[in-house]
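Inspection log for the structure reproduced underneath, given as structure tokens.
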Amino acid sequence: MSPTPPVARKIPVVIEQLGRTRTDDYQWMKDDNWQAVLRDPTLIKADVKEHLMAENAYREAMLASTLPLQAAMFEEMKGRIKEDDSSVPSPDGPWEYYTRFNTGDQHPLFCRRPRGGGAETVLLDCNLLAEGKAYSEVSAAEHSPDHSLFAYAEDAQGSEVHQIHIRDLTTGEVLPDPIESATGNFTFSPDSAWIFWTNRDDNGRPDKIFRRPSRGGEATLVYEEADDGMFIGVGRSSDDAFILITAQNQETSEARYIPGRQPTTGPAILAAREVAVRYDADHWGDRWIIRTNADDAIDFKIVEAATDQPDRAHWRDLIPHTPGRFIEGLALVREFIARQERADANTKIVVRDRAGAEHEIGVDEPAYALSLAGASEFDATTMRYGYNSPSTPTSTYDYDLTTRERTLRKVQEVPSGHDPADYVVERLNAPASDGQSVPITVLRRRTTAIDGSAPLLLYGYGSYGIPMPASFSTGRLSLVDRGWIYAIAHIRGGSDKGWGWFMDGRKLKKKNTFTDFTAAADHLISRDYVRAGNIVAQGGSAGGLLMGAVTNMRPELWAGVIGQVPFVDVINTMSDVSLPLTPPEWPEWGNPIEDVEAYDYIASYSPYDQIAPMDYPAILATGGLSDPRVTYWEPQKWVARLRPATTSGKPVLLKINMEAGHGGASGRFDYLKEVAHDYAFAVWAIEKGWETA
């Protein structure tokens, strides 16, 4: 006999907005003191905690039969990880820096050794830092330019509220007075005398840049952003000539600069912000190099400007705009610029010297990922990049920019064994309803037949211009090796086919994201890769919004849906200005507080608001109690409304990690347990495991 699911009480709250009225029965699930809960999860309201615990218990009971499968998958995933792994060292001055893991450790060690080899110094053992804590994540770490200090930002709740600590590398001691309430973003001044960081306000937003002496002292406000809708950060230019402060949202950006030799100088504006103009700037020894979409360069171009005349009036095209060739990012050394480009859901790297001669690093495969890591020294003559594909583990190369020779530095080791020849990677193109072509990357074992009999997991995201790379993942193999097909839909809202691909999946075009995903499913069905109703859909965060939308739109396609930290309560969240991401994300979704058209459009797809009686598939929603990005009550409310609405008899389950935030568990093995849990649910949904519960 199946366990009895929790029944959430209804307390109707009527909300009137722009002449529209909606009723929310589950608004009580949002803790009125949520800001404090992010910093201390023990402060959660008793009734909310009780309901979350009941949901967790119900899910555990329903999925009890999958525990052996979860355990088997976890051991498989763990067996594919080299436990005593280390990164390729990055040389910088007299040292080379790297991270490594000890066998059995959940967390990394940050280390350095003399350049060319020698005795190791452990700068930070994150395992010691995590002792006694349910959650501990070092989100950023950086050594000072003079190599005397090491700073690291720790998030000890999963709430993304960080403390920044600084260690004296001469004495080994951690200096007193850590920096509190930081975002995790920081940098040292080029002379190492100062540290700059981004403050996080009480609503979880980055609002100010401060500096103080690196070894402690009074903090000085350097910059305060007046617009709640902008994200800000601080860093250094590649040549250390400037400290750079950036402010941006999804469509507009602005940079300020401080001379590296005068770090206490006030920041100057590089180019004044203009709505719908994005740019990011770096300094190339004697000039500014700027990536921008100005002048209708939808897929971005590269311009240059004199050091003392960086404003837009003085920008000169260096690499013109080419439609469909999205310039994703740049890396600079003294004599070369490397850029990463994306087209048709694949990437390539192009190298350019100061004379303007260019050459390309590419791969002849149907679906792959190249990632430009750049160089850790401005005077370097090599840059580092990585290559992988859905079937091929990551290879890390050092590339000589002058001779064009590449040196293989590391191949990702899969201890349990892995032969890429056992797998097939394919690229399909699904016709969208408006004639666009949606790329699909497919991974399967060579022995898996294309006859519609195999189950298929279809993954998607499609927001913020973030592409889904055709990359390697050891975790996916636990499905693929069981005869599953794994597919990624490169849908609009991401930049998989250029920045225009993103622009065509946001605001009043957001539904393209959802219909692209269902078009991908329909195409896979038409090509006999899978049958309708034998697909599990998966997506997280804004990809969880996608999951909610396609579940409402086409429930018959899915055997199961995994919505990880799902952004499903769109109209309520985008109407709540106290939440961390609401004002910054109006350029992505629209502002339903002031814009009637935006309100009506969001309401027409908002998954929470579009729930209606229908035959829903089995659903797993996950979340984290300390999540500042998609707050815990979104999946909680979604499940509460879905469960009485579904007419299929299939279960609706909720998993809330009471000790983590947006990214789930912080330890590498604990994270794998979460992946194994979700994949076991997928198998359970295909096999209708609840019928025997």
Side-chain angles (χ1 to χ4, degrees), residues 35 38-39 139-140 142 153 155 159-164 179-189 194-212 218-237 242-260 262-283 288 290-294 310-312 464-465 573-591 593-594 628-629 662:
Q35 294 99 329
L38 284 181
R39 294 171 184 262
S139 305
E142 181 181 314
D155 174 4
S159 62
E160 302 179 34
V161 179
H162 294 78
Q163 275 193 334
I164 300 173
I179 295 166
E180 304 282 354
S181 297
T183 65
N185 165 242
F186 65 87
T187 194
F188 289 100
S189 59
W194 302 87
I195 186 168
F196 292 71
W197 73 92
T198 304
N199 183 70
R200 193 177 187 89
D201 70 13
D202 288 340
N203 284 337
R205 297 191 194 111
D207 65 338
K208 300 179 181 73
I209 305 294
F210 287 98
R211 74 164 185 269
R212 79 175 198 194
E218 184 176 349
T220 300
L221 177 64
V222 176
Y223 172 71
E224 182 172 5
E225 174 56 49
D227 186 346
D228 285 344
M230 302 293 276
F231 297 99
I232 63 172
V234 62
R236 297 198 308 272
S237 62
F242 295 98
I243 298 155
L244 298 173
I245 295 171
T246 58
Q248 64 178 3
N249 59 27
Q250 278 78 29
E251 63 181 8
T252 304
S253 61
E254 183 178 64
R256 287 169 167 77
Y257 61 98
I258 299 169
Q262 300 169 295
T264 60
T265 304
I269 294 177
L270 192 142
R273 69 185 68 176
E274 301 175 47
V275 173
V277 173
R278 285 176 60 98
Y279 73 88
D280 45 74
D282 202 350
H283 198 259
W288 292 101
I290 300 163
R291 185 185 73 105
T292 182
N293 67 348
D311 57 285
R312 187 173 168 186
Y464 307 117
T573 294
M574 285 296 103
S575 300
D576 187 345
V577 295
S578 74
L579 294 173
L581 298 185
T582 293
E585 296 206 350
W586 286 330
E588 175 82 11
W589 312 105
N591 182 349
I593 300 175
E594 299 176 352
R629 295 174 181 263
H662 198 64

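All values below were derived from every heavy atom in this structure, side-chain atoms included, with hydrogens, water molecules and symmetry-related copies excluded.
- Between Arg278 and Asn293, the closest heavy-atom pair is N-OD1, 2.7 Å.
- Qualifying side chain to side chain contact (heavy atoms under 4.5 Å, CB included) partners for Ile232, counting only residues two or more places apart in sequence or in other chains: Thr198, Pro206, Ile209, Tyr223, Glu225, Ala247.
- Every ring pair (Phe, Tyr, Trp, His ring centres under 6.0 Å) that Tyr257 has, sequence neighbours left out, goes to Phe242, Trp288.
- Residues His283 and Leu244 are not in side-chain contact: their nearest non-hydrogen atoms beyond the backbone lie 4.5 Å or more apart.
- Between Pro267 and Val222 there is a side-chain heavy-atom pair separated by less than 4.5 Å.
- The minimum heavy-atom distance linking Asp576 with Ser578 is given by the pair OD1-OG, 2.7 Å.
- A donor-acceptor pair under 3.5 Å is formed between the side chain of Asp201 and the backbone N or O of Asn203.
- Using modelled atom types, no side-chain atom of Arg312 and backbone atom of Ala272 make a donor-acceptor pair closer than 3.5 Å.
- To the nearest 0.5 Å, the span separating CG on Asn591 from CE on Met574 amounts to 9.0 Å.
- Between Ile195 atom CD1 and Phe188 atom CZ the span is 4.5 Å, to the nearest 0.5 Å.
- Under the 3.5 Å distance criterion, the side-chain polar atoms of Asn199 are left unmatched by any main-chain donor or acceptor of Asp207.
- Minimum heavy-atom separation, Glu160 to His662: OE2-CB, 4.0 Å.
- Atom CD1 of Ile164 and atom CG of Asn185 lie 7.5 Å apart (nearest 0.5 Å).
- Trp586 places none of its side-chain heavy atoms less than 4.5 Å from the side chain of Asn249.
- More than 12 heavy atoms of other residues, nucleotides or ligands shown are found within 6.0 angstrom of CG on Asp311.
- Taken to the nearest 0.5 Å, the OH atom of Tyr279 stands 5.0 Å off from the CG atom of Leu270.
- Looking at Arg236 and Thr187, their side chains do bring a donor and an acceptor atom within 3.5 Å of each other.
- Between the side chains of Arg39 and Ser181, a donor-acceptor pair is found at a separation under 3.5 Å.
- Residues Ala140 and Gly184 share a closest heavy-atom pair of CB-O, 3.3 Å.
- Within the 4.5 Å cutoff, the side chain of Pro584 has heavy atoms near those of the Arg205 side chain.
- Atom CH2 in Trp197 sits 15.5 Å away from atom NE2 in His162 (nearest 0.5 Å).
- Within the model, atoms OG of Ser575 and CD of Glu594 stand 10.5 Å from one another, a figure rounded to the nearest 0.5 Å.
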Determine whether Ile179 and Arg212 satisfy the following criterion, side chain to side chain contact (heavy atoms under 4.5 Å, CB included), listing intermediate values before the conclusion. CA-CA 10 Å; Ile179 295 166; Arg212 79 175 198 194; 3.7 Å; yes
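- Residues Arg273 and Asp227 meet the side-chain proximity criterion, which asks for heavy atoms closer than 4.5 Å.
- Not a single donor-acceptor pair under 3.5 Å links the side chain of Gln250 to the backbone N or O of Tyr464.
- Using a 4.5 Å heavy-atom cutoff, the side chains of Arg200 and Pro628 are in contact.
- Side-chain atoms of Ile245 and Ile258, non-hydrogen and from C-beta on, do get closer than 4.5 Å to each other.
- In this structure, the side chains of Ser253 and Asp280 stay at 4.5 Å or more apart for every pair of heavy atoms.
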